[in-house]
Amino acid sequence: MSIDKVISAAVAKAVKELYGIEIDASAIVPQATRKEVEGNLTIIVFPFAKTAHKAPEAVGNEIGQWLVDNEPAVSAFNTIKGFLNLTITPTYWNNVLKAIEDDANYGITAPGADSPLVMVEYSSPNTNKPLHLGHLRNILLGSSLSNILAACGNKVVKTNIVNDRGIHICKSMLAWQKFFDGATPESCGKKGDHLVGDCYVAFDRHYKEEVKELMDKGMSEDEAKASAPLMLEAREMLRRWEEGDPEVRALWEKMNNWVYDGFDVSYRRMGVGFDKIYYESKTYLDGKAKVLEGLEKGLLIKKEDGSVWADLSDAGLDQKLLLRSDGTSVYMTQDIGTAKQRFDDYPIDRMIYVVGNEQNYHFQVLSILLDRLGFKWGKDLVHFSYGMVELPEGKMKSREGTVVDADDLMEDMVSTAREVSESLGKLDGMTDEEKAEIAETVGLGALKYFLLKVDPRKNMTFNPRESIDFNGNTGPFIQYTYARIRSVLRRAAEAGLDKADYSTVEPNEKEIALIQTLGDFPATVAEAGLSYSPALIANYTYDLVKQYNQFYHDYSILREEDASVRSLRLAISDATARTIKTAMGLLGINVPERM
């Protein structure tokens with residue numbers, strides 16, 4: 001049992017015996033004592049004082065004395081107003097450390113037969129361009145959140161919805177026909193998603209030229225945009241796609257397959273995957289059917305032009321278009337169709353959409369609509385709304401080809417990691433294969449950690465060079481500390497240092513602080529799952545690593561002559577390394593054994 005649970009149970013028992021108050025131990029949450037105050041854990045006693053009709057300080061003193069007299073884990077206490085600060089018996093921390101040592105899956109809760117099934121949707125790319133930096137934040141947030149929720153004991157299904165239909169797809173297809181002379185990924189030596197992205201950029205460039213020519217002839221900008229020959233052809237291609245034209249469908253399928261092959265390469269390098277992939281081209285018809293069913297039941301309204309709407313005025317919102325007058329669907333309709341297919345496929349208890357904060361209103365409306373249309377989890381769907389990511393130079397634009405390509409960024413990060421690592425001498429004595437592996441691990445770890453350490457709800461600026469720093473709150477700093485600890489443990493094994501009993505050793509202040517931080521890991525994982533925040537895991541890991549490095553600097557481990565003290569420090573080192581590896585694994589980040 002963790003020290004927090006031991007203290008919670010003891011306080012609950014004390015309150016019952018002293019004041020006759022029945023309280024669930026889980027409602028008593030010890031907090032780490034402030035650094036300027038003596039003690040390890042603090043209990044807030046104001047709620048008990050009110051019921052006991054006594055001054056908070058008196059209640060704190062009475063509970064504190066009861067704990068010293070009856071709970072071996074507590075050696076001393078002090079009360080400041082309504083805050084009871086407890087000092088844990090120094091040798092008791094060894095029990096906490098031993099429990100961590102003995103738990104092979106420390107911090108991870110396995111799902112049970114009755115665990116809720118949580119579905120997490122992330123990535124959601126369009127098939128007219130490659131993945132970019134914005135996708136990276138989405139994908140890494142979704143993947144790490146899935147890992148964290150699974151570690152909290154949930155059954156998790158990771159899903160992706162591919163936006164594979166619509167006018168933007170037709171733009172790339174039309175540009176390929178007109179400007180690319182039958183090019184294929186093989187013929188031009190490019191990943192398929194990059195080739196199709198080039199087509200999309202080419203369309204926009206030629207389209208802007210046509211718009212300018214029409215405006216020079218006297219048309220307004222809106223008229224020119226609507227009348228440009230390329231746009232008219234793209235709309236005609238979309239109409240033919242909707243009607244199932246074999247030629248258009250064949251081209252669409254060929255180019256989409258190029259993109260899927262390219263996406264798969266990118267996903268593999270990121271170390272992410274999906275349990276189920278849905279495609280808009282296969283869900284939008286279900287969405288239309290579900291909307292028409294809602295219309296028949298009187299849940300929706302049809303206007304004179306034949307368009308179908310949802311009246312959300314009773315929810316304080318406006319009316320929302322679901323089917324256009326020509327019967328074609330909108331994004332909301334497609335999301336309803338995707339939800340239906342998912343509900344048919346899985347017994348979903350909670351649905352989490354990882355989508356940027358520019359879509360907050362969309363998901364507010366979707367939640368209401370799904371609930372009205374009979375999806376039991378609709379009302380409680382979670383929009384994991386995250387902020388935008390930019391570069392120091394500013395925003396990115398897909399149509400203008402100014403986005404930061406995910407593949408290029410990953411390659412640059414790995415290259416920079418190798419350059420920095422070699423300059424610091426961290427790759428000395430390694431083979432070329434080992435150097436390449438370390439560079440891949442450090443480069444991608446730096447990228448992932450930098451994107452995940454920030455509160456996901458905030459906008460952020462990604463600075464590639466800053467993320468590679470081997471000092472400070474970065475992935476490489478954590479990875480290097482892990483490799484350092486593994487080196488210490490290997491040297492201890494090679495020297496044949498036998499494990500000695502450390503149960504009677506009285507840990508020093510820094511050792512106690514480290515064990516206490518290690519003991520906080522399960523609660524940190526649980527809180528990250530409740531608040532949907534991988535940043536909590538990232539910053540916990542950084543704090544743990546900072547503490548360990550200070551401990552490593554101040555105290556000898558392998559040269560310590562007292563075998564029991566040495567064993568205590570090796571046990572702390574081993575538990576720290578394991579916790580770092582588990583925590584970074586939840587973020588999708590590998591850690592190197594040597595560095």
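Both backbone and side-chain heavy atoms feed into the values below; hydrogens, waters and symmetry mates do not.
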Quiz item: Within the distance-only criterion (no hydrogens, no angle test), does the side chain of Asn459 pair as donor or acceptor with the backbone N or O of Met388 below 3.5 angstrom?
Solution: yes

Exercise. Go through the steps to decide whether Asp193 and Tyr260 satisfy the test side-chain contact (heavy atoms from CB on, under 4.5 Å), and finish with yes or no.
Key: CA-CA 7 Å; Asp193 53 335; Tyr260 300 146; over 6 Å; no

Practice problem: Tell me, please, whether Trp309 has Lys303 positioned over its six-membered ring: NZ or CZ under 6.0 Å from the ring centre and within 45 degrees of its axis? | Solution: yes

Quiz item: Do side-chain atoms of Asp349 reach the backbone of Leu117 as a donor and acceptor pair under 3.5 angstrom?
Solution: yes

Self-check item: Phe450 six-ring centre to Lys453 NZ/CZ under 6.0 Å and within 45° of normal
Solution: yes

Exercise. In sequence, state the C-alpha distance, the side-chain angles, and the governing distance for Thr184 and Ser187, and then conclude on side chain to side chain donor-acceptor pair (under 3.5 Å).
Key: CA-CA 5 Å; Thr184 67; Ser187 70; 3.3 Å; yes

Self-check item: Residue list, ring-ring contact (aromatic ring centres under 6.0 Å, His included) with Tyr386, at least two apart or on another chain
Solution: none

Quiz item: Can you find a pair of side-chain heavy atoms, one from Tyr449 and one from Ser467, that are under 4.5 Å apart?
Solution: no

Quiz item: Does Lys217 pair with Glu213 as a salt bridge, N-O distance under 4.0 Å?
Solution: no

Self-check item: Gap separating the CG atom of Asp455 from the CG atom of Asn539, nearest 0.5 angstrom
Solution: 9.5 Å

Quiz item: Less than 4.5 Å apart, any side-chain heavy atom of Val525 and any of Tyr540?
Solution: no

Exercise. Determine, using ring centers only, whether Tyr267 and Phe274 are less than 6.0 Å apart.
Key: yes

Quiz item: Any ion pair linking Lys212 and Glu221 (charged N to carboxylate O, less than 4.0 Å)?
Solution: no

Practice problem: Taking Ser415 for its side chain and Glu411 for its backbone only, find out whether a donor-acceptor pair lies under 3.5 Å. | Solution: no

Quiz item: Where the side chain of Asp305 meets the backbone of Ser307, is there a donor-acceptor pair that is under 3.5 Å apart?
Solution: yes

Practice problem: Hey, could you give me each pair passing ring-ring contact (aromatic ring centres under 6.0 Å, His included) that has a residue in residues 222-247? Not counting sequence neighbours. | Solution: Trp241-Trp252

Quiz item: Does the ring center of His206 lie less than 6.0 Å from the ring center of Phe179?
Solution: yes

Quiz item: Would Lys282 count as a cation-pi partner of Tyr278, with NZ or CZ less than 6.0 Å from the six-membered ring centre and within 45° of the ring normal?
Solution: no

Quiz item: Taking atom CG of Asp314 as the centre, does the number of heavy atoms from other residues, nucleotides or ligands within less than 6.0 Å exceed 12?
Solution: yes

Quiz item: When rounded to the nearest 0.5 angstrom, what is the spacing between CG in Asn163 and OG in Ser281?
Solution: 10.0 Å

Quiz item: Which is it for Glu293 and Lys297 under the salt bridge (Lys or Arg N to Asp or Glu O under 4.0 Å) test, yes or no, and what are the steps along the way?
Solution: CA-CA 6 Å; Glu293 178 187 317; Lys297 293 179 179 179; 3.1 Å; yes

Quiz item: Around atom CZ of Arg269, are there more than 12 heavy atoms of other residues, nucleotides or ligands at under 6.0 Å?
Solution: yes

Quiz item: Heavy-atom distance under 4.5 Å between the side chains of Tyr284 and Arg165, does that happen here?
Solution: yes

Quiz item: Can a salt bridge be assigned to the pair Glu121 and Lys158 using a cut-off of 4.0 Å between side-chain N and carboxylate O?
Solution: no

Quiz item: For the residue pair Phe343 and Trp377, does the interplanar ring angle fall in the parallel (under 30°), tilted (30 to 60°) or perpendicular (over 60°) class?
Solution: tilted

Quiz item: How long is the gap from CG on Asn256 to OG on Ser172, to the nearest 0.5 Å?
Solution: 9.5 Å

Quiz item: Ser2 and Asp4: side-chain donor and acceptor closer than 3.5 Å?
Solution: no

Quiz item: Can you tell me if Ser385 and Asn360 form a side-chain donor-acceptor pair at under 3.5 Å?
Solution: yes

Self-check item: Crowding at NZ, Lys155 (>12 non-hydrogen neighbours, <6.0 Å)
Solution: yes

Self-check item: Note, Lys276 side chain near Arg342 side chain (heavy atom, < 4.5 Å)
Solution: no

Practice problem: Hey, can you tell me if Trp176 and Trp258 have their rings parallel, tilted or perpendicular (30° and 60° cut-offs)? | Solution: perpendicular

Quiz item: Looking at Phe375, is Lys290 sitting on its ring face, NZ or CZ under 6.0 Å from the six-membered ring centre and within 45 degrees of the normal?
Solution: yes

Quiz prompt | Heavy atoms from other residues, nucleotides or ligands near NZ of Lys379 exceed 12 (cutoff 6.0 Å) | solution = no

Quiz item: Hey, are the side chains of Leu141 and Phe384 touching, using non-hydrogen atoms and a 4.5 Å cut-off?
Solution: yes

Quiz prompt | Passing candidate, salt bridge (charged side-chain N to carboxylate O under 4.0 Å, His left out) with Asp407, options Lys129, Lys191, Lys190 | solution = Lys191

Quiz item: Looking at CG of Asn160 and CD1 of Ile139, how far apart are the two atoms once the value is rounded to the nearest 0.5 Å?
Solution: 7.5 Å

Self-check item: Check: Leu140 main-chain N/O paired with Ser143 side-chain donor or acceptor under 3.5 Å
Solution: no

Quiz item: Would Ser220 and Glu223 satisfy side chain to side chain donor-acceptor pair (under 3.5 Å), going step by step from the backbone distance to the final call?
Solution: CA-CA 5 Å; Ser220 69; Glu223 290 173 334; 3.3 Å; yes

Quiz item: Just by modelled atom types, is the Gly153 backbone N or O under 3.5 Å from a matching donor or acceptor in the Ser115 side chain?
Solution: yes

Quiz item: With distance as the sole criterion, is a donor-acceptor pair present between the side chains of Glu280 and Thr283 under 3.5 Å?
Solution: no

Quiz item: Is any side-chain heavy atom of Leu586 less than 4.5 Å from a side-chain heavy atom of Pro534?
Solution: no

Self-check item: Donor on one side chain, acceptor on other, His383 and Asn357, under 3.5 Å
Solution: no

Practice problem: For Glu358, look at atom CD and say whether over 12 heavy atoms of other residues, nucleotides or ligands are found less than 6.0 Å away. | Solution: yes

Quiz prompt | Nearest-0.5 Å distance, CG of residue Asp371 to CG of residue Leu366 | solution = 11.0 Å

Quiz item: Going by heavy atoms in the side chains, are Thr127 and Met255 under 4.5 Å from each other?
Solution: no

Quiz item: Taking the side chain as C-beta and beyond, is there a heavy-atom pair between Leu312 and Ile368 under 4.5 Å?
Solution: yes

Practice problem: Kindly compute the distance separating OG1 (Thr524) from CD1 (Ile537), expressed to the nearest 0.5 Å. | Solution: 6.5 Å

Quiz item: Less than 4.0 Å between a side-chain N and a carboxylate O, is that true for Asp344 and Lys340?
Solution: yes

Practice problem: Kindly say whether Gly327 contributes a backbone atom to a donor-acceptor pair with the side chain of Lys288 at under 3.5 angstrom? | Solution: yes

